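Sharing a structure below in structure tokens format, with a few things to ask.
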There are 2 protein chains.
Amino acid sequence: MATIKDVSSESGFSIATVSRVVNNPDLVARSTRERVQRAISNLGYVPNSAARMLHKQTASYGGLVSSSFGTEYHSTIAEGVEVAFQETRLLCINVGSNMTAEGELEAYRLLTNFQCKAIVLHSDRLELEILKRLMHENPSLAVVGRCVDGFEKRCAYVDNFEVGRGAARHLLACGHRYVGQVLGHEEYSVTRVRSQGFTQVIEDAGFGTDPLPQFSANFSQVTAAERVESFLVAQPNVTALFCHNDQMAWGVMDYCKRAGVRIPQDLAIIAVDDLKLSQFMKPRLSTIALPLNQIGYTAGRLALAGALDNVKISGLQNLIGHKLIVRDTT
Amino acid sequence: MATIKDVSSESGFSIATVSRVVNNPDLVARSTRERVQRAISNLGYVPNSAARMLHKQTASYGGLVSSSFGTEYHSTIAEGVEVAFQETRLLCINVGSNMTAEGELEAYRLLTNFQCKAIVLHSDRLELEILKRLMHENPSLAVVGRCVDGFEKRCAYVDNFEVGRGAARHLLACGHRYVGQVLGHEEYSVTRVRSQGFTQVIEDAGFGTDPLPQFSANFSQVTAAERVESFLVAQPNVTALFCHNDQMAWGVMDYCKRAGVRIPQDLAIIAVDDLKLSQFMKPRLSTIALPLNQIGYTAGRLALAGALDNVKISGLQNLIGHKLIVRDTT
DNA sequence: CTGTTAGCGCATTCAC
DNA sequence: GTGAATGCGCTAACAG
């Protein structure tokens, strides 16, 4: 890798001059500029971003930490963030967190050290106290996926308690009395909150048990398909299931198809997300739709607003609405 | 942001000692270490990655440059890359290229400056000569999505010429004689190569026109839905369409549903990718399946192999197979 | 218009 | 065991 020094000796000018032709070409004489530029392309010189960032207080990057790249859920949110950053001409850097709290933190640190102008942290596992500290330190940090109290204005989130309540009300309205849940990762805050909302409504209606019939499938289709059979055997009275995301619902439906369990007659299903596939499968999945792309975009704008003065967020709702979509599975 | 200097003065020890407790705790006396560590946590000190990278010749990151985060196509490949990196305990940094050649290059440079151990470049637009130069310079760079001659062994790619030929043969076998194409971005190499393969077979069969009826829709569902009507009006004899990806096929099908065009009776469709949705829609989409996740994983391994000695790639196929899946649209 | 110099934060010799 | 000094590559004063 050629450095600025190499260009300097190759062209015969000082490194300062080389730096100028790269950053402020107008400040340098035409003939000099041309000779330096020739040296630059001869050597294939490209400025080292690390050194640049070390020196300057800013860079043209926006950062996103996300636990995974592959799922539609994560990638749709990521796309929204990316669009927001692009509007401000920031290159978007997306760092995976390997689904651990340490990974989330490491990814975040990396991004701050890279001098990202704005950072969106899609945090599932980090402790609330740490999150608060980070948001306190860094005004251009926005959080997606959960609400950090005291910093609500910089979180793009869904009222997951209300999502859980909505699912329960719908199942009750359909006449179900003995209902269960398929949970995502139990350590994730979203899982706890949705479960609390769901449980509250069921209990208030007088149909609660402690605990409610439930099992965890880590938000994964395959895992849900594997675990649902033994659950159903142990809980033969359950007539409806609240799946904490669409993918786990798909897994349950995979099993039901194989096992001859009829949906919704034998088992009703309500889920959360409304991924693309859910309206096309048979039967079509009833679900609580989340505007994922908008969530990401909002978070991106929020982060940007903390960094740049000219970014307006008036009229931007950071508490994102959700919507029950009743289809064939309930 | 606290720096190593702050920790130094807070603890009363030199910055060298602080550096040691961070990187080589064993080299420092227990009591000193403890006092320094206390200072570190008081100040919330975290080493600056940029400075670190500037000094060291290596870091624990793997990099990916990808033109977009949101599509299933890109995110599935990205997931494969991420998994490969994770196996070697590298955090994966994914930088968007904003779909421009300059963006691809800038993203790549960023990643090298960050001292990424291995880099996967999902390049659609960069000129071949530049690509060759980069691969020559950097042995731990792998390319995904196309084949760079002279560096085949470090490319994870599909034989797109053969993909185009396969699509044409299938359409011919179905009895179609007057066929057209829906192209992706015309600047992308993948578009050119698939088109050449397709055209060759059609011409060899004696049904070629110059050019073939075709239009571009930038790999986008919405764009395809918008543009297909005027195309069909101008080309009323076309009975079958080769869409260069599933998403554009979906767009065409959206239009056909609205316009009352029957598939496959009035218009047959063959596409490429086999995204999740394609087997569930009605009618189910005939398509040439690409193992996207495997492509990404392979590219990740290839890049790693160029960087680390202990990464084995024996038995790893870098020319990835594709497979025609005939469903309802042909 | 161009060159010299200091310093960004850190890891690493080399002395002590 | 610990500290002082050097340099990674670059930009931004400050001189000339």
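Proteins come first, then strands; the chains are lettered A, B, ... in the order of their sequence lines, and each starts at number 1. Just so we're clear, the structure is a prediction, and the values are computed from it rather than from any experiment.
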Considering just the side-chain nitrogens and oxygens of T32(B), establish if one lies under 4.0 Å of OP1 or OP2 belonging to dG1(D).
no
Out of dC10(D), dG3(C), dG7(D), which nucleotide sits closest to the side chain of H55(A)?
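Shortest atom-to-atom distance from the side chain points to dC10(D).
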Whichever of D26(A) and A51(A) has its nearest DNA chain C nucleotide further upstream toward 5':
D26(A)
Can you measure N24(B) atom CG to dT13(C) atom C1' for me and round it to whole angstrom units?
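Result: 13 Å.
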Expressed as a whole number of angstroms, how long is the span from F13(B):CZ to dG1(D):P?
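One finds 13 Å between P of dG1(D) and CZ of F13(B), rounded.
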Respond yes when some side-chain nitrogen or oxygen of T3(A) is under 4.0 Å from OP1 or OP2 of dC8(D), and no when none is.
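Looking at the OP1 and OP2 atoms of dC8(D), neither is under 4.0 Å from any side-chain N or O of T3(A).
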So that I can tick it off, tell me whether D149(A) and K132(A) are bridged by a salt bridge, with the cut-off set at under 4.0 angstrom between side-chain N and carboxylate O.
yes
When the distance from CZ of R109(B) to C1' of dG9(D) is rounded to whole Å, what number comes out?
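So the two atoms are 15 Å apart, to the nearest Å.
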For the pair R133(A) and E137(A), find out whether any cationic side-chain nitrogen is under 4.0 Å from an anionic carboxylate oxygen.
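So R133(A) pairs with E137(A) through a salt bridge.
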Closest non-hydrogen atom pair between H122(A) and H74(A), with its separation
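For H122(A) and H74(A), the tightest heavy-atom pair comes out as CE1-CD2, 3.8 Å.
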Can you tell me the distance, in whole Å, between the CG atom of N48(A) and the P atom of dG9(D)?
7 Å
Has K5(A) got a side-chain N or O lying under 4.0 Å from the OP1 or OP2 atom of dC8(D)?
yes
Measure the acute angle between the ring planes of Y188(B) and F219(B), then classify it against the limits of 30° and 60° as parallel, tilted or perpendicular.
tilted
Which whole-number value in Å describes the distance from R30(A) CZ to dT2(C) P?
13 Å
Are more than 12 heavy atoms, taken from residues, nucleotides or ligands other than E187(B), located less than 6.0 Å from that residue's CD atom?
yes
Picking from dG7(D), dA4(D), dT11(D), which would you name as closest to the side chain of N23(A)?
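The closest nucleotide is dT11(D).
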Given atom CD1 of I4(A) and atom C1' of dG3(C), what is their separation to the nearest angstrom?
13 Å
Taking atom P of dA11(C) as reference, at what distance in whole Å does atom CD1 of I15(B) sit?
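After rounding, the reported distance stands at 10 Å.
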Nucleotide dG9(D), atom C1' - distance to CG of L43(A) in whole Å:
15 Å
Measure the shortest side-chain to side-chain distance between Y61(A) and L90(A) over non-hydrogen atoms and say whether it is less than 4.5 angstrom.
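No; the side chains remain at least 4.5 Å from each other.
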Watson-Crick or G-U stems of DNA chain D, 3 or more pairs, under 3.5 Å, by first number:
C:1-16 with D:1-16
Please state whether the phosphate of dT2(C), meaning OP1 or OP2, lies under 4.0 angstrom from any side-chain nitrogen or oxygen of T17(A).
no
If you take atom types as modelled and just measure distance, does the side chain of R20(B) reach the base of dG3(D) with a donor-acceptor pair under 3.5 Å?
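When only heavy-atom distances are counted, R20(B) does reach the base of dG3(D) through a donor-acceptor pair under 3.5 Å.
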Would you mind telling me which of dG9(D), dA12(D), dC10(C) lies closest to the side-chain atoms of L54(B)?
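My answer, after comparing the listed nucleotides, is dG9(D).
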Could you check whether R109(B) pairs with E106(B) (Lys NZ or Arg NE/NH1/NH2 to Asp/Glu carboxylate O, under 4.0 Å)?
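Answer for the salt bridge query: no.
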Looking across every strand, which nucleic acid part, if any, lies under 4.0 Å from S19(B) by heavy atom: base, sugar-phosphate, or nothing?
base
Do NZ/NE/NH1/NH2 and the carboxylate oxygens of R301(A) and E87(A) come within less than 4.0 Å?
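Looking at E87(A) together with R301(A), the answer is yes, because their closest N to O distance falls below 4.0 Å.
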Touch check for A29(B), heavy atoms < 4.0 angstrom, all strands: base, sugar-phosphate only, or nothing?
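A29(B): backbone/sugar contact only, no base atoms under 4.0 Å.
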